[in-house]
Participant: 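The structure follows.
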Amino acid sequence: MKNNKTAKKIIFVLAAVVFTLAAVYLAVFFYNQHAADGEYNNIPTKPTQKYEPLAYNPIDFDALIKGNNEIYAWIKIDDTKVDYPIVQHSAEDEGFYLTHSAVDKSYLKSGAIYTETCNKRDFSDPVTLVYGHNNYGDSMFTTLHRFEDKDFFDRHEFVYIYTPSRKLTYKIISAFQYDDRHIMNTNDFSDRDTLLEFQQMLLNPESDNKNVRKAITEEINESSKIMVLSTCITGDKSSRYLVCCLLVNNEKTD
């Protein structure tokens with residue numbers, strides 16, 4: 001009888017030891033699992049990358065630059081003759097491309113489409129001014145005057161700029177007759193108030209010859225990128241015709 005009681009005590013003690021060891025093992029196991037999860041959850045990671053699809057770029061800039069290394073962009077407007085390279089010469093001769101070809105810098109009375117050195121070549125300025133001649137047949141910026149027709153203006157919203165690595169899409173917000181002042185020299189666009197005032201002028205120009213796009217869903221503010229296309233008006237040396245555009249899309253190209 002005594003031996004039976006002793007055996008039961010031993011079994012009870014062994015069971016208690018096994019239970020205790022199992023409980024300790026499970027506690028340690030779950031603690032380590034929790035600690036491991038916490039450790040790896042706290043490792044710094046980069047933000048999720050959104051891969052940008054590449055837009056098609058039809059311009060062979062490598063070939064163009066072999067003829068003239070001052071070509072840095074291309075402008076195209078549907079249903080006009082505006083389909084040209086954009087160039088920029090040195091500050092010492094800002095007017096060089098008034099009478100020289102963008103293809104090889106040779107003399108050409110109708111000139112080229114160009115910007116001045118007050119503008120960067122990546123279109124990152126608050127306002128970029130692009131020049132082109134009028135009244136040399138339908139060449140250069142002559143066909144910008146098609147935007148004087150309201151129906152044409154309403155049906156043609158966009159200007160496309162290609163660079164070697166980007167496609168920039170601009171929405172045409174207005175087109176109107178302006179005076180001959182030098183927009184970049186007479187406005188300090190680094191001043192916020194000056195910039196906002198100029199933007200508002202583009203949306204409500206004081207001109208009898210104007211078209212303004214009414215349904216502009218994009219906000220225009222100090223962060224906006226504006227491009228102004230400027231050309232002459234036949235028989236009026238004191239005026240310019242402006243087509244004014246807002247950058248609405250900036251895509252990488254293939």
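Side chains included, hydrogens not; waters and symmetry mates left out as well; all remaining heavy atoms used. Starting from 1, each residue takes its place in the sequence as its number.
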Participant: Inspect the contact between Asp179 and Arg181 and indicate whether a charged nitrogen and a carboxylate oxygen are less than 4.0 angstrom apart.
Facilitator: yes

Participant: By side chain to side chain contact (heavy atoms under 4.5 Å, CB included), which residues pair with Gln177, not counting sequence neighbours?
Facilitator: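 With sequence neighbours excluded, Gln177 shows a side chain to side chain contact (heavy atoms under 4.5 Å, CB included) to Ser207, Asn209, Ile233, Asp236, Ser239, given in chain and number order.
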
Participant: Measure from the side-chain N and O atoms of Gln88 to the backbone N and O of Asn119, and report whether any donor-acceptor pair falls under 3.5 Å.
Facilitator: yes

Participant: Measuring only between side-chain heavy atoms, which start at C-beta, is Tyr107 closer than 4.5 Å to Thr99?
Facilitator: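 Yes; the side chains approach each other to less than 4.5 Å.
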
Participant: Under 4.0 Å between a side-chain nitrogen and a carboxylate oxygen: does that hold for Lys66 and Asp62?
Facilitator: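 Salt bridge absent between Lys66 and Asp62.
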
Participant: Between Glu251 and Arg166 (salt bridge meaning N to carboxylate O under 4.0 Å), is one present in this structure?
Facilitator: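 Here Glu251 does not pair with Arg166 in a salt bridge, since their nearest N and O are not under 4.0 Å apart.
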
Participant: For the pair Glu157 (side chain) and Ile172 (backbone), establish whether a donor and an acceptor sit closer than 3.5 Å, ignoring hydrogens and angles.
Facilitator: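 Judged by distance alone, no pair lies under 3.5 Å.
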
Participant: Side-chain contact, heavy-atom cut-off 4.5 Å: Leu242 with Ile183?
Facilitator: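 Leu242 reaches Ile183 side chain to side chain.
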
Participant: Quick one: are Val228 and Tyr131 in side-chain contact, heavy atoms under 4.5 Å?
Facilitator: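 Of all side-chain heavy-atom pairs linking Tyr131 with Val228, none is under 4.5 Å.
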
Participant: Would you call Lys81-Asp138 a salt bridge at under 4.0 Å N-O?
Facilitator: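 Looking at Asp138 together with Lys81, the answer is no, because their closest N to O distance does not fall below 4.0 Å.
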
Participant: Would you check if Ile77 and His156 make a side-chain contact, meaning some heavy-atom pair closer than 4.5 Å?
Facilitator: no

Participant: Taking the side chain as every heavy atom from C-beta outward, state whether Thr253 and Tyr56 have any pair of such atoms under 4.5 Å apart.
Facilitator: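 Counting from C-beta outward, Thr253 and Tyr56 never come under 4.5 Å.
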
Participant: Between Val82 and Leu144, is any pair of side-chain heavy atoms under 4.5 Å apart?
Facilitator: yes

Participant: Compare all side-chain heavy atoms of Tyr72 with those of Lys120 and state whether any distance is below 4.5 angstrom.
Facilitator: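 They are not in side-chain contact.
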
Participant: With side chains defined as the heavy atoms from C-beta onward, is the minimum distance between Phe141 and Val243 less than 4.5 Å?
Facilitator: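 The answer is no; the side chains never approach within 4.5 Å.
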
Participant: For Lys105, what residues pass the salt bridge (Lys or Arg N to Asp or Glu O under 4.0 Å) criterion, not counting sequence neighbours?
Facilitator: Glu70

Participant: Any pair with a residue in residues 187-214 that passes ring-ring contact (aromatic ring centres under 6.0 Å, His included), sequence neighbours left out, goes on the list, sorted by first then second residue, please.
Facilitator: Phe189-Phe198

